[in-house]
Amino acid sequence: MADLNLMEKIVSLAKRRGFISPGSEIYGGLAGTFDYGPYGVLLKENVERLWLQMFRDGRDDMYGVDAAILMNPKVWEASGHVSGFSDPLTECEKCKKRLRADQLDDPEKCPECGGKLGNVRQFNMMFKTHAGATEDESATVYLRPETAGGIFMNYKNVIDSIHPKLPFGIAQIGKAFRNEIAPRDFIFRLRELQQMEVEYFVKPSDWEQSFEEWRKMMHLYASAVGLPETSIHELEVPESDRAHYSKRTIDFEFDYPFGRKELWGLAYRTDFDLSAHEKSSGVSLAYQDEDPPAGGKSKFIPHIIEPSLGVDRTILAVLVSAYREDELGGEMRTFLALAPKIAPIKAMVSPLLKNKPELVKKAREVREELRRIHPSIAWDDNGNIGKRYRRQDEIGTPFCITIDFDTLGENPSLKDTVTLRHRDTGDQERLTISEVVARIREAIQ
Ligand code: GAP
């Protein structure tokens, strides 16, 4: 059941608290673009860092690249994007609105004004620009529509420089651009998006095993960023809906407030891409197996498994999953129950009173100690303590630490203890400073 009210609340919180706002907003925005603000950027970095840990750095078979966004246009000709990366477009004859023909309830009638819709034609979604000082067709280059293209261009460099054995993979995080006909639903369908992609190169006979391994990894990652198992649904994409390069695709769908929609994709791209680039460039992209099994080939084009995750859709799913409203101490509150690993601010440190220098000094010391384990430790000495807690709740800070006179030794048995307050329950405990440091370290690791 769609909950559009929840969506409005999330969009409003994201803007109000410096997570995400429309791109170039003072000029009325630009459809399909959003900017990440101070807390948004920290959340995004944490989501990406966790992906890097799980998909690249925690493994011995993975390598990173950061390829150029602009590439030789032959890349996109060979990959099939120039001829085939398109969506069906129709235009209303009355209000002239352009619509995606495959997303209409009534293919004849404009959902905006009821006008008659025109013929359907294929609209290529790649953004074009020109390299250099000429603007003719020969200088056309494309903004990459998927980061994968840059990974294929680096396959040979990785083989030649690192000499990895199969199976191995290349991971990349970066921008991709799609001239979506109808960008919508906040950061769900964007024209400028961020992807986290792995191209995993395997022997042709090993693709199924590898597909299963990455499928499991995607579920583990979903759980690590705080998406409930019950909100993720696998969809076996039928052949008619699969991308031209894929022999098998599973969409990981998520229950967004506007319905169940794609979150991530896992595809078996076969040897489609490497074979196409080999043919088009004339450069051999075969892998030389130094130790082939009896009767097996020593030189062949590896097959590819591709887990592809959109950063923005992940962040939207994270916000949807974390958004909570409850009543605490007789007052309504809004909070984000973010996993401590991805929360933008890990803890907030506060002196009980800001006009008591001895409290402020001790609180600053505690903050500095915590910053040795993580830089994102906030300071707040503004307004009453309840309000400070509420401000942190709304941005998902899991812990708040308050320094009071007992910390300074007013009650000698409590010297060097502080109050640790937990976001989700509002519960507070009295712990030593070193216990608090250990707790926070454990929670964010
Ligand atoms: N390299 C494969 C590929 O790009 P895709 O299913 O077209 O496959 C992969 O895109 C992921 O990128 C999607 O599952 C989604 O998370 C994200 N994505 C795709 N188009 C998007 C858009 N217009 N806005 C936001 N995220 C998008």
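Both ligands and their constituent atoms are indexed starting at 1 by order of listing. Keep in mind that the numbers below use all heavy atoms, side chains included, and drop hydrogens, waters and symmetry copies.
- Contacts between Y245 and ligand 1 below 4.0 angstrom, taking non-hydrogen atoms only, involve the side chain exclusively.
- Although no hydrogens or angles enter the test, the distance criterion places a donor-acceptor pair under 3.5 Å between the side chain of N124 and the main chain of H81.
- For the residue pair T314/W264, the side-chain donor-acceptor check at 3.5 Å is satisfied.
- At a heavy-atom distance under 4.0 Å, only side-chain atoms of R313, from C-beta outward, approach ligand 1.
- For atom 7 (O) of ligand 1, the nearest non-hydrogen atom from the set R178, M125, K261 comes from R178.
- Heavy atoms from both the backbone and the side chain of L190 come within less than 4.0 Å of ligand 1.
- Contact analysis puts L263 in contact with ligand 1, with a non-hydrogen atom separation below 4.0 angstrom.
- Looking at ligand 1, you'll find an N or O of G310 within less than 3.5 Å of one of its N or O atoms.
- The pair E180-R191 fails the salt-bridge criterion, with no side-chain N (NZ, NE, NH1 or NH2) lying under 4.0 Å from an Asp/Glu carboxylate O.
- Note that R421 lies in the cation-pi zone of Y389, set by a 6.0 Å cut-off to the ring centre and a 45° limit from the axis.
- Taking only nitrogen or oxygen atoms, main chain and side chain alike, D312 does not reach within less than 3.5 Å of ligand 1.
- When non-hydrogen atoms are compared, ligand 1 lies under 4.0 Å from neither the backbone nor the side chain of T147.
- A cation-pi arrangement, defined by a distance under 6.0 Å to the six-membered ring centre and an angle within 45 degrees of its axis, is present between K44 and Y36.
- Within 6.0 Å of atom NZ in K261, more than 12 heavy atoms from other residues, nucleotides or ligands are found, so the atom counts as buried in its surroundings.
- Proximity of F188 to ligand 1 is established by a heavy-atom distance of less than 4.0 Å.
- A cation-pi arrangement is present between R269 and Y245, with the terminal nitrogen or guanidinium carbon under 6.0 Å from the aromatic centre and inside a 45° cone about the axis.
- Using a 4.0 Å heavy-atom cutoff, M196 is absent from the residues neighbouring ligand 1.
- No donor-acceptor contact under 3.5 angstrom links the side chains of N154 and Y63, judged on distance only.
- Looking at E262 against ligand 1, only its side chain comes within 4.0 Å, counting heavy atoms.
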